[in-house]
Amino acid sequence: MTAPAPMWFVIAAIAVLCSVTLARWILIDSTPSARLVNRAITWVSVGSVAQYSVFASGDKAVAVQLFLFCSVLAAANLYGLAKLFDGADPAGARDRQRVYDVAAVLAGTTTVLIGQPEGAGGAGFWVRAVVSWTVFNVPLLVAGVHIVRACVRDIRVEASLLKQVPYFGLLVLATGWFVGASLTVVQAFEGKPPGTMSMEWSVASCLFCVLVALVTAVPLAQVVLARTGWDETGRNLRRLEPLWRDLTLAVPEVVLPAGVGLGRDPESRLYRMTVEIRDALMHLRSHLSAVDVPEPSVETYATQIARAARARAAGVAPIGVRATPFHQVSARDMTSELGYLLDLAHHWPRARALVNGRARVSRQ
């Protein structure tokens, strides 16, 4: 960000960015790409705070230099992120980033040593302007090309609009880098050094800072939803739980031993629950009545399974495995199987109540 913008607006933008940065370091730091994003927005946050603090003391030139130096370090991390998006080996991300960081420190130090371009139109002005523009913008533009290409590719294959939102945000950010680089060239021809902006563009810079915070906050929202159980996986677990509980009570031997092969994260629990429900359904085939329809609707099948589970839990002897199996989705197609089981779970409470009601009537 660059002054002069209204004080309250600058403080608000910096506060949002710093809050998101801190939250990301606490909650999202498990992959090379996440760490690179965290490092990049950390340098932007540090640069913004440093620039505004120094600017408030009256030293505008130093303020701009501090921000540009931190921005070069941020650009180095964004370049490393772009290489990952372009297919670079994540295992070598740390070693590659060391090289980018060293290059960024040397380049940023060079821009600080040569100082801000002065004397519009002179040879010294253009040398400083070209060096400053190259150091800051070339890594961002190269990174922008990789990020745009990766985002367009992923948007085409991602069906969920919610999951497309971060990619659209990254496209906007990359577009902002190209626009910013072009504006810097225009400024140079107007005799203005890099980092000099009018009130209008300073406000736009603050808005861009907020946009960075919002885009990088999208994974935070997903993590919070996952930890509170309100993401898609958590909702599926809650929907399957009544069906899973009743079937595993009727067929307890299908329950896998705790800690065998899978973790306790929601995705592993959902996979485990799906496997155990499927195995229980297979065991209950031998308790299905001979008069049951071979290819029932999901609603009818739920009633048949509820009747079979009650019979098995009551110790009724198996009738024998039917020659025609009931609905069974290939274990390799977990998405289709999960969809079917969720449909079965939707009809399960009514089917269980119907079977239990009939049992009470027959006893009377």
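Keep in mind that this is a model prediction, so the values were computed, not measured.
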| said: Within the 4.5 Å heavy-atom criterion, are Leu207 and Phe9 side-chain neighbours or not? | reply: yes
| Taking all atoms of both residues into account, what is the closest heavy-atom pair of Arg312 and Pro252, and its distance? | NH1-CD, 4.4 Å
| task | Indicate the ring-plane relationship of Tyr301 and Tyr340, choosing parallel, tilted or perpendicular according to the 30° and 60° boundaries. | result | tilted
| field | Between His347 and Arg350: side-chain donor-acceptor atoms closer than 3.5 Å | value | no
| task | May I ask whether Trp177 and Ile41 are part of the same hydrophobic cluster, defined by side-chain heavy atoms of I, L, V, M, F, W, Y residues being less than 4.5 angstrom apart, directly or through others? | result | yes
| task | Would you kindly confirm whether Val138 and Val130 end up in one hydrophobic cluster when ILVMFWY residues are joined by side chain heavy atoms under 4.5 Å apart? | result | no
| field | Single-linkage hydrophobic cluster Leu240~Leu237, side-chain heavy atoms < 4.5 angstrom | value | yes
| query | Quick one: does Leu281's side chain get under 4.5 Å of Leu341's, heavy atoms only? | reply | yes
| query | Would you say Arg238 has more than 12 foreign heavy atoms packed within less than 6.0 Å of its CZ? | reply | yes
| Has the side chain of Asp29 got a donor or acceptor atom that lies under 3.5 Å from a matching backbone atom of Trp25? | no
| message | Give me the atom names and distance for the closest heavy-atom approach of Thr21 to Ser45. | response | OG1-OG, 3.1 Å
| field | Rounded distance [0.5 Å steps], CG in Leu225 versus CG in Leu220 | value | 11.0 Å
| query | How far does CG of Leu211 sit from CG of Leu170, to the nearest 0.5 angstrom? | reply | 9.5 Å
| request: State, with a plain yes or no, whether a side-chain heavy atom of Arg39 is found less than 4.5 Å away from one of Gln97. | output: yes
| task | Consider only side-chain heavy atoms of I, L, V, M, F, W and Y, link residues closer than 4.5 Å, and tell whether Leu66 and Phe136 are in one cluster. | result | no
| field | Asn236 and Leu338, any side-chain heavy atoms less than 4.5 Å apart | value | yes
| query | Once you round to the nearest 0.5 Å, how far does CD1 of Ile277 lie from CG of Leu344? | reply | 8.0 Å
| task | Find the distance between OH (Tyr79) and NE2 (His146) and round it off to the nearest 0.5 Å. | result | 5.0 Å
| query | Are Asp101 and Arg98 ion-paired here, with the side-chain N under 4.0 Å from a carboxylate O? | reply | no
| If every non-hydrogen atom of Ala74 is compared with every non-hydrogen atom of Val44, which pair is closest and at what distance? | CB-CG2, 3.8 Å
| task | Could you tell me whether a side-chain N or O of Asn38 sits under 3.5 Å from a main-chain N or O of Ile28, the two making a donor and an acceptor? | result | yes
| message | Quick check: do Asp279 and Val251 have side-chain heavy atoms less than 4.5 Å from each other? | response | no
| Min side-chain heavy-atom separation Tyr100-Asn77 under 4.5 Å | no
| message | Does any part of the side chain of Phe168, heavy atoms only, come nearer than 4.5 Å to the side chain of Val215, both counted from C-beta? | response | no
| task | Can you measure from CG (Leu27) to CD (Gln222) and round to the nearest 0.5 angstrom? | result | 12.5 Å
| So, the side chain of Gln164 versus the backbone of Asp154: is there a donor-acceptor pair under 3.5 Å, distance only? | no
| Is a side-chain N or O of Arg272 found less than 3.5 angstrom from the main chain of Leu256, in a donor-acceptor match? | yes
| note | Tightest non-hydrogen contact, residues Ala13 and Cys209, listed as O-SG, 4.1 Å
| query | For the side chain of Arg96 and the backbone of Asp89, is there at least one donor-acceptor N/O pair under 3.5 Å apart? | reply | yes
| Minimum-distance pair of heavy atoms, taken over all atoms of Ala93 and Pro32 | CB-CB, 4.0 Å
| Has the side chain of His346 got a donor or acceptor atom that lies under 3.5 Å from a matching backbone atom of Leu342? | no
| Geometric cation-pi criterion, Arg239 with Trp348: 6.0 Å, 45° | no
| request: Keeping the roles fixed (side chain from Gln65, backbone from Thr111), state whether a donor-acceptor pair exists under 3.5 Å. | output: yes
| Would you find a donor on one side and an acceptor on the other, under 3.5 Å apart, between the side chain of Asp343 and the backbone of Gly339? | no
| Co-membership, hydrophobic cluster, residues Val172 and Val210, 4.5 Å side-chain | no
| Got a donor-acceptor contact below 3.5 angstrom from the Asp86 side chain to the Ala82 backbone? | no
| query | Given side chains that start at C-beta, do those of Ser48 and Phe67 come closer than 4.5 Å, heavy atoms only? | reply | yes
| Does CD in Glu232 sit with more than 12 non-hydrogen atoms of other residues, nucleotides or ligands closer than 6.0 Å? | no
| query | Which pair of non-hydrogen atoms, one from Ala104 and one from Leu73, has the smallest distance, and what is that distance? | reply | CB-CD2, 3.7 Å
| So, does Arg24 use its side chain to make a donor-acceptor pair with the main chain of Thr216 at under 3.5 Å? | yes
| task | Please round to the nearest 0.5 Å and tell me the distance separating atom CG of Leu243 and atom CZ of Arg352. | result | 9.0 Å
| message | Let's go through Leu247 and Ile305 carefully: what are the C-alpha distance in whole Å and the side-chain angles of both, what is the deciding distance for side chain to side chain contact (heavy atoms under 4.5 Å, CB included) to 0.1 Å, and is it a yes or a no? | response | CA-CA 9 Å; Leu247 294 186; Ile305 290 297; 3.8 Å; yes
